[in-house]
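Here's the structure, in structure tokens; my notes come after.
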Amino acid sequence: MTVRVRYAPSPTGHQHIGGARTALYDLIFAKSLGGEFVLRIEDTDQERSKLEYEESMLEDFKWLGLEFDEGPHKPKNHGPYRQSERIDLYKELAMQLVSENKAYPCFLSSAELEELTAKAEGEKKAPHAYHDKYASLDPAEAKARMDKGDEYVIRFRNPQKEVKFTDMVRGEVKFFPDMVGDFVILRANGFPVYNFCCVVDDWKMEITHAFRSEEHLNNSLRQILLYEAFNAKMPTFAHLSMLVGEDRKKLSKRHGATSVRQYKDQHYLPAALLNYLCLLGWSHPKEQDIFNVFDLVEGFDASRFNKSPALYDIQKLNFFNEQHLRALSEEDLLAHALEALPEESKFRNQPLEWQNKCLSVFKEKMQLITELDELTAVLFKEGASDEEDYKEAMSWETTPKIQEYIKAELQKLSSAGTPFATEELVGEWMNYLKKELGIKGKPLFMGARACLTGQAHGPDLKGIVALTPLEILLSRF
RNA sequence: GCUCCCAUCGUCUAGCCUGGUCUAGGACACCGCCUUUUCACGGCGGUAACAGGGGUUCGAAUCCCCUUGGGAGUACCA
């Protein structure tokens, strides 16, 4: 049997990073078993679901490099892939359950429902304790009311029995029945409810495995009950540990950047984001931390999931981005830079050779490519900084000598019409200053840096001097 | 209330299933030191954890129970 794994988001906002992690595991797991990766859109909440979000999610997945084999944008023979387009199927199956007496119509108005819930709560009972008021209504009478046009929902007749299942992450999980009552499967507006369509779809789409966040663990009870009612086989579930924020609560918008889109906009490397996300709740068999997640497809070890919630730490993500940035080829790094840099960046007007050199000098200083803009801006900045360290360096007694010598050298170059100094040349200057004038160590390097760059600190001196146009260098003297 | 899940350094985690090799390993962060000289990179080193209590056992981070703490759910949201 073909392994089919689905990712089933609701298009109610931009793609959340937690969902991206789930989808990543879905994909790796499916591919490691030669299976298929299916996208299903769970848009039965008409108020909140928007087509534009579906599109935005697809874009985000494309950016991440997570590719679906099937979905609304790529229909195969298990469609349609949007739940809103499968309503007839759900209705039909809900009615089938009614005819089998496994579900029943319920005519409770929302006011009555609230009243019953309050009553149950007052009596310290489960909120759903009285929701089964219409459970034993005579079917003929029920039909008469339905025909008459009374508003109704379909409730599942909960057999109230203990159920258990085996989870890929948690092992055997057992539920006792009083957790839920006779729950609704079809709303008054004719739309089905999550737990119902999820079951119908996984069944009809022949899904064999599904990864989802731990918050869904309790839903398994209702879903198992429904699978049994349909006499259908339940997919194997893996309930992943949740992603939490600083306060150890479920990661949400108030914790900061939680959508893939935000990282895309900040020009993180998708490979780095996936790598980091992958290690939240799963560990590499060889304890490797920097790797290409797609290499995992070869023999993915699904037994290495961690059960406890993982705290999302942006500092560590930044470290991963830094590592992936450094691992990029010259060509890829340049492409990444050009994509991220603002239009007006001075970097853009430079020759290719200069750009590559600049990247190799700055590479080690950046966690994010966007920092390059700031770094290069300093190269072209005329005048000097006003920080303490700079003033101090300029006040040393050796500094004027350095200044005088270098200025003369720069002018020589200038009159020869050379646009840039070279690293070798800067090295020669330093050697001259050291040997002939006896200046060394910090006074030499920081002094020269202050004169040449107008800053007290920065990346490799030779490197950045060689990257700065001669006229800018001269402007600082 | 009830149900379910979880519990190793500040954080992500390895180890737990198949008790001894764990005076608990790695990574992020932090702090030192070193590196033909500044900065950075790199290298080396350091601080830092088995929630608590009972068992079982010659021996427990590892198995069992309880307590505590945290989280999730108990919707005509997903």
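Within every chain, numbering begins at 1; the chains are lettered A, B, ... in the order of the sequence lines, protein sequences first and strands thereafter. Just so it is clear, the model here is predicted, and its values are computed rather than measured.
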Of all of [range], which get a heavy atom below 4.0 angstrom from RNA chain B, listed by number?
| range | value |
| --- | --- |
| residues 6-20 of chain A | A:Ser10 |
| residues 302-312 of chain A | A:Arg304, A:Asn306, A:Lys307, A:Ser308, A:Pro309, A:Ala310, A:Leu311 |
| residues 355-375 of chain A | A:Glu364, A:Lys365 |

A:Phe37 six-ring face occupied by A:Arg6 cation (under 6.0 Å, within 45°): no
Ring-face cation of A:Arg155 near A:Tyr104 (centre distance under 6.0 Å, axis angle within 45°): no
Within the 4.0 Å heavy-atom criterion, would you say [X] contacts the bases, only the backbone, or no part of the nucleic acid?
| X | result |
| --- | --- |
| A:Asp460 | base |
| A:Tyr194 | base |
| A:Gly181 | nothing |
| A:Glu42 | sugar-phosphate |
| A:Arg212 | nothing |
| A:His239 | nothing |
| A:Val153 | base |
| A:Leu108 | base |
| A:Val173 | sugar-phosphate |

Distance check needed: [N] [atom2] versus [X] [atom1], whole Å only.
| X | N | atom1 | atom2 | answer |
| --- | --- | --- | --- | --- |
| A:Gln160 | B:C2 | CD | P | 16 Å |
| A:Gln455 | B:A40 | CD | C1' | 15 Å |
| A:Ile185 | B:A75 | CD1 | P | 16 Å |
| A:Arg222 | B:U3 | CZ | C1' | 12 Å |

Among [options], the one nearest [X] by side-chain distance:
| X | options | value |
| --- | --- | --- |
| A:Asn218 | B:C76, B:U37, B:U3 | B:U3 |
| A:Arg170 | B:A75, B:C5, B:U3 | B:C5 |
| A:Glu287 | B:G1, B:G26, B:A29 | B:G26 |
| A:Phe319 | B:G71, B:C28, B:A75 | B:C28 |
| A:Leu113 | B:C4, B:C12, B:C76 | B:C76 |
| A:Arg248 | B:U38, B:G1, B:C12 | B:C12 |
| A:Arg449 | B:G70, B:A14, B:C39 | B:C39 |
| A:Leu217 | B:A72, B:C5, B:A78 | B:C5 |
| A:Asn195 | B:A78, B:G1, B:C76 | B:A78 |

Taking the [atom1] atom of each, how far is [N] from [M], in whole Å?
| N | M | atom1 | result |
| --- | --- | --- | --- |
| B:G15 | B:G73 | P | 29 Å |
| B:G54 | B:A14 | P | 28 Å |
| B:U21 | B:A60 | P | 11 Å |
| B:C4 | B:C31 | C1' | 43 Å |
| B:G20 | B:U3 | P | 35 Å |
| B:C9 | B:G46 | C1' | 13 Å |
| B:U13 | B:A72 | C1' | 23 Å |
| B:U47 | B:G10 | C1' | 12 Å |

Hunt down the Watson-Crick or G-U wobble partner of [N], both distances under 3.5 Å, from any strand shown, or write none.
| N | result |
| --- | --- |
| B:C50 | none |
| B:C28 | B:G10 |
| B:G59 | none |
| B:U3 | B:A72 |
| B:U23 | none |
| B:C17 | none |

Greater than 12 external heavy atoms within 6.0 Å of A:Glu246's CD: no
Aromatic ring pairing A:Phe300/A:Phe29, orientation class (parallel under 30°, perpendicular over 60°, tilted between): perpendicular
Parallel, tilted or perpendicular, as decided by the 30° and 60° cut-offs, for the rings of A:Phe291 and A:His284: tilted
Between [X] and [Y], a side-chain donor and acceptor under 3.5 Å:
| X | Y | value |
| --- | --- | --- |
| A:Glu123 | A:Tyr130 | yes |
| A:Thr117 | A:Glu114 | no |
| A:Asn158 | A:Asp182 | no |
| A:Tyr81 | A:Glu70 | yes |
| A:Asn321 | A:Tyr276 | no |
| A:Ser259 | A:His16 | no |
| A:Ser213 | A:Glu215 | yes |
| A:Ser220 | A:Asn218 | no |

B:G42 OP1/OP2 closer than 4.0 Å to side-chain N/O of A:Arg326: yes
Phosphate OP1/OP2 of B:U13 contacted by A:Ser283 side-chain N/O (<4.0 Å): no
Candidates A:Tyr227, A:Phe230, A:Phe183 - the one meeting ring pair (Phe, Tyr, Trp, His ring centres under 6.0 Å) with A:Phe156: A:Phe183
Any N or O donor-acceptor pair under 3.5 Å from the base of [N] to the side chain of [X]?
| X | N | result |
| --- | --- | --- |
| A:Glu123 | B:G1 | no |
| A:Lys316 | B:A27 | yes |
| A:Asp313 | B:A29 | no |

Of A:Phe175 and A:Asp289, the one whose closest RNA chain B nucleotide lies more 5': A:Phe175
Pairwise 5' ranking along RNA chain B for A:Met430 and A:Ser241, keeping only the more 5' one: A:Ser241
salt_bridge(A:Lys357, A:Glu423) N-O dist < 4.0 Å: yes
Spacing of CE belonging to A:Met242 relative to CG belonging to A:Leu311, to within rounding of 0.5 Å: 11.5 Å
